[in-house]
Protein chains: 2
Amino acid sequence: MRVAEFDREYVLRQAMIAFTQYGYAKTSMQKLTQVTALHPGSLYAAFKNKKGIFLAAIEQYQADRNQQFTNLFCADKAVLPNLKAYIDSVVAECVSGDSMKVCLLTKSISEVEGQDEQISQVLSDNLNAYENTLAEQFNRAILKNEITTEYTAKQRARFLAMGLYGLRTYALTNNKRDDLKQLADDLYIAITK
Amino acid sequence: MRVAEFDREYVLRQAMIAFTQYGYAKTSMQKLTQVTALHPGSLYAAFKNKKGIFLAAIEQYQADRNQQFTNLFCADKAVLPNLKAYIDSVVAECVSGDSMKVCLLTKSISEVEGQDEQISQVLSDNLNAYENTLAEQFNRAILKNEITTEYTAKQRARFLAMGLYGLRTYALTNNKRDDLKQLADDLYIAITK
DNA sequence: CCTTATCTTGAGTGTACATTCAAGATAAGG
DNA sequence: CCTTATCTTGAATGTACACTCAAGATAAGG
């Protein structure tokens with residue numbers, strides 16, 4: 001009768017950062033023991049194996065992202081300004097030296113696609129949920145007459161998701177703030193037309 | 001006095017496919033000996049090490065891509081129809097089960113970013129060259145009055161590059177042909193407006 | 001304060017990896 | 001047809017990895 005001592009959220013966030021930085025394959029268990037300050041046995045007891053840690057870290061990542069998103073869009077203010085601010089925040093992440101400038105979900109799905117069906121599915125589900133979250137905002141914008149119904153909320157959400165995935169990838173080849181800002185502005189125009 | 005027996009292009013294309021499918025880290029030398037039908041010693045003699053094989057494969061990939069591109073855009077016909085066909089060909093690649101549905105360059109840069117500065121630089125250079133190739137086409141389109149000068153060729157090329165990177169990533173989360181086609185059509189509209 | 005269930009510890013295990021190298025094979029030059 | 005430089009072969013090497021497990025530590029219940 002003894003209770004686990006470590007802080008699960010802290011451990012998963014540390015793991016999350018490592019996986020984002022090094023990728024799934026190149027994040028060794030040794031690295032994970034270092035960043036979490038847990039011994040192998042504890043990690044295996046808590047998460048079964050490396051894949052278990054990864055899946056739990058993804059869950060934490062998504063929870064954190066949802067929180068961030070909810071904070072930004074909670075107000076019953078106009079949707080579009082929030083959306084613009086959100087897109088700009090992605091640009092800010094991209095130009096920051098931070099390792100979180102890449103998205104754990106897209107980076108991981110690109111890595112494990114065709115190798116691990118279960119992980120791929122989880123990642124895909126989370127990214128689809130993200131797209132749906134975006135679509136909700138576009139629906140709100142339609143209800144508030146901020147955008148036309150020329151395109152459906154779903155269509156706009158898809159295009160924005162594609163654009164943001166692309167923006168993060170593009171930023172790996174060109175990290176100039178002005179260029180990324182321009183792309184973000186053009187993307188905003190495209191999805192609000 | 002003896003000449004190497006293997007077909008360098010064949011070997012590199014096989015390596016290229018493996019790297020695209022499994023990623024850099026998870027493509028083992030054993031796998032490479034299998035797909036190239038070469039023994040370790042031969043591979044090391046010809047390419048120095050795994051990284052050497054990878055860099056050579058990237059070079060081959062880019063050469064092949066340039067060839068494909070030149071074939072598509074060689075004609076002094078109108079630019080936009082060719083561009084549309086090119087974008088649609090990316091959609092076709094995305095929905096195909098083929099392992100080449102992902103781009104070796106973007107997948108690799110996402111993987112090795114922050115791990116190997118030399119490889120990152122090579123990939124970044126190649127992707128920038130790709131962007132410039134796209135910009136050339138937009139310049140031609142401007143000269144032929146197919147598009148306005150509201151946006152520069154460079155701007156349009158950047159937006160298209162971003163869109164295509166995003167499209168390939170998005171396809172990993174949603175492989176429905178209609179949705180991807182719609183995104184491609186919307187992307188085409190955005191860059192030719 | 002003792003029992004017991006559970007957690008923590010970290011050395012140990014087997015496997016897979018990138019790379020090397022010496023022996024054998026083979027083509028060009030004389 | 002012999003020499004020799006170069007290529008091919010594949011077993012061997014050392015390292016890094018994911019994962020295990022038995023011994024030790026510690027908290028809750030009685």
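Below, each value reflects all heavy atoms present in this structure, side chains not excepted, and no hydrogens, waters or symmetry copies. Numbered from 1 within each chain, the chains take letters A, B, ... in sequence-line order.
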### Message
Strictly below 4.0 Å, N to O, side chains only: are B:Lys51 and B:Asp116 in salt-bridge contact?
### Response
yes
### Message
Whole angstroms only, please: what is the NZ-C1' distance between B:Lys48 and C:dT20?
### Response
12 Å
### Query
Can you tell me how far P of C:dT26 sits from CZ of B:Phe6, to the nearest Å?
17 Å
### Query
Does a nitrogen or oxygen in the side chain of A:Ser42 sit under 4.0 Å from OP1 or OP2 of C:dC7?
no
### Strand partner of C:dT13, provided both Watson-Crick or wobble distances fall under 3.5 Å
D:dA18
### Query
Between B:Glu9 and B:Arg13, does at least one N-O distance fall below 4.0 Å, as a salt bridge requires?
yes
### Query
So A:Asp125 and A:Gln121, side chain to side chain donor-acceptor pair (under 3.5 Å) or not? Walk me through it.
CA-CA 6 Å; A:Asp125 289 348; A:Gln121 192 60 56; 3.0 Å; yes
### Summary
Taken to the nearest whole Å, CZ/B:Arg8 to P/D:dC7 is 13 Å
### Task
Check every strand shown and say whether B:Ser28 touches a base, only sugar-phosphate, or nothing at a heavy-atom separation below 4.0 Å.
sugar-phosphate
### Message
Measure NZ/A:Lys50 against P/D:dC17 and give the value in whole Å, please.
### Response
9 Å
### Between P of D:dA18 and CD1 of A:Ile53, the distance in whole Å
9 Å
### Task
Starting from the 5' end of DNA chain D, give me the residue, A:Lys26 or A:Pro40, whose nearest nucleotide shows up first.
A:Lys26
### Task
Mind calculating the distance between CD (A:Gln30) and P (D:dC19) to the nearest angstrom?
14 Å
### Task
Could you check which nucleotide pairs with D:dT9 in any of the strands shown, counting Watson-Crick or G-U wobble with both distances under 3.5 Å?
C:dA22
### Summary
Out of C:dA18, D:dG10, D:dA18, minimum distance to the side chain of B:Tyr44 belongs to C:dA18
### Separation of atom CE in B:Met29 from atom P in D:dT15, rounded to whole Å
19 Å
#### Entry: For D:dA28, the Watson-Crick or wobble counterpart (both distances under 3.5 Å)
C:dT3
### Query
For the pair made of CD in B:Gln34 and P in C:dA18, what is the distance, rounded to whole Å?
12 Å
### Message
Does B:Glu59 have more than 12 heavy atoms from other residues, nucleotides or ligands lying within 6.0 Å of its CD?
### Response
no
### Query
What does A:Thr27 touch in the nucleic acid at a heavy-atom separation under 4.0 angstrom: a base, only the sugar-phosphate, or nothing?
sugar-phosphate
### Task
May I ask you to evaluate whether B:His39 reaches the phosphate of D:dT8, defined as a side-chain N or O under 4.0 Å from OP1 or OP2?
no
### Query
When you check the side-chain N and O atoms of A:Asn71 and A:Gln67, is any donor under 3.5 Å from an acceptor?
yes
